[in-house]
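Take a look at the structure set out below.
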Amino acid sequence: VPFNPGIIKPLPTTLLKKIPFQLLIENIEIDNGYALYTETSEKTKQEGVIPVTRMNIRLKNVKNFNFSPTDTLLIDAIAYLLDSAFAHLNIKESYNDPKNGFLLRFQMSPGNLSIINPVLIPLALVKLESGYLDTLSLFASGTETVAFGESNLQYHDLKIKFLKDGEKTKNGFLISLKTFLANTFVIKKNNRSRKGRVFFIRNRDRSAINYYVKIVGSGVASSVGAKNNKKLIKKYQKEQQKK
């Protein structure tokens, strides 16, 4: 589907309310589903593709009328990312909050982090040379525009490599220096206890799925030291106070 910039993509409850007839379904189940999530990087202009396999989804309280004060849409999904990493996503979104308030939980099983290289390389021109995930759990609360939360990402032996043009060309001195500095001073090789901060301002012309992916990515980047979300949160809060 061609990308149409500037057109706001609604979150699930708003999307349901746009259905032009009354809808009330207690449960929807998808068993053994398969999907491809594709994102094109604004930086590299390349596509990263994430196959989502063996997907089981449960949606509860699917409706667009007769809301009670506490009505929420429940989404619970388990699947294998890149057919290797087991993941669990749980979302609860309010029907009555004008800002589409929601809670998001995400967990992923232990495994070799290098499996994400087919996605990471085209999107960020970064390759994971090594790294093993011990545990990943994340909790965030968000609205239609912004999300905050905390991530617990524990891993060991993490090492990255910056690339100039994927793996097609040999890296020069500056790229090699950038890799050395990142591995030495920025990226934390091991993490046994440090918590990360989730903070992401939504691009509202992107889909809800894109929003959820970026929320998880924000927590991961904060945990490994690649992004200082604490400073970004303070800056955002000051701007909101001024407004």
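Keep in mind that the numbers below use all heavy atoms, side chains included, and drop hydrogens, waters and symmetry copies. This is a predicted model, so every value here is computed, not measured.
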Look only at the side chain of [X] and the backbone of [Y], and say whether a donor-acceptor pair between them is shorter than 3.5 Å.
X: Ser41; Y: Gln46; answer: no
X: Ser151; Y: Leu153; answer: no
X: Ser94; Y: Gly101; answer: no
X: Asp205; Y: Gly6; answer: yes
X: Tyr95; Y: Pro69; answer: no

Heavy atoms only: give me the nearest [X]-[Y] pair and the separation to one decimal.
X: Ile160; Y: Leu128; answer: CG2-CD2, 3.6 Å
X: Lys63; Y: Leu24; answer: CB-CD1, 3.8 Å
X: Asn96; Y: Phe67; answer: OD1-CB, 3.7 Å
X: Gly219; Y: Val198; answer: CA-CG2, 3.8 Å
X: Lys188; Y: Ser223; answer: CD-O, 4.3 Å
X: Arg206; Y: Asn210; answer: CB-OD1, 3.4 Å

Is the closest basic N to carboxylate O distance between Lys60 and Asp76 below 4.0 Å?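 No, this pair does not count.
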So that I can tick it off, tell me whether Asp31 and Arg58 are bridged by a salt bridge, with the cut-off set at under 4.0 angstrom between side-chain N and carboxylate O.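 Salt bridge present between Arg58 and Asp31.
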Transitively linked via ILVMFWY side-chain contacts under 4.5 Å: [X] with [Y]?
X: Phe200; Y: Val224; result: yes
X: Leu123; Y: Val126; result: yes
X: Ile50; Y: Ile78; result: no
X: Ile209; Y: Leu82; result: yes
X: Tyr211; Y: Ile57; result: yes

Taking salt bridge (Lys or Arg N to Asp or Glu O under 4.0 Å) as the definition, give me every residue that meets it alongside Glu26, ordered by chain and number, with sequence neighbours left out.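 With neighbours one apart ignored, the set is empty.
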Plane angle bin for Tyr212 and Phe102 - parallel if under 30°, tilted between 30 and 60°, otherwise perpendicular: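 Taking Tyr212 first and then Phe102, their aromatic rings stand perpendicular (interplane angle over 60°).
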Which residue, Asp71, Asn27, Thr72, forms the side-chain hydrogen bond (donor to acceptor under 3.5 Å, both in side chains) with Asn61?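 Testing each of Asp71, Asn27, Thr72 against Asn61, the sole residue satisfying side-chain hydrogen bond (donor to acceptor under 3.5 Å, both in side chains) is Asp71.
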Under a 4.5 Å cut-off applied to non-hydrogen side-chain atoms, are [X] and [Y] in contact?
X: Phe139; Y: Glu150; value: no
X: Ile175; Y: Leu163; value: no
X: Val62; Y: Leu23; value: yes
X: Arg54; Y: Asn32; value: yes

Qualifying residues under side-chain hydrogen bond (donor to acceptor under 3.5 Å, both in side chains), relative to Asn152, sequence neighbours excluded: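 Result, side-chain hydrogen bond (donor to acceptor under 3.5 Å, both in side chains) vs Asn152: Gln154.
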Could you measure the distance from the NZ atom of Lys127 to the OG1 atom of Thr179? Nearest 0.5 Å is fine.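 The distance works out to 11.5 Å.
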Are Thr53 and Asp83 close enough that a side-chain donor and a side-chain acceptor fall under 3.5 Å?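 A pair is found: one side chain offers a donor N or O, the other an acceptor, under 3.5 Å apart.
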Does the side chain of Thr14 come under 3.5 Å of the side chain of Asn100 through a donor N or O and an acceptor N or O?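 The criterion, which ignores hydrogens and geometry beyond distance, is satisfied for Asn100 and Thr14.
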Only one of Val213, Asn229, Leu232, Ile201 clears side-chain contact (heavy atoms from CB on, under 4.5 Å) with Ser218; which?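 When side-chain contact (heavy atoms from CB on, under 4.5 Å) is applied between Ser218 and each of Val213, Asn229, Leu232, Ile201, only Asn229 qualifies.
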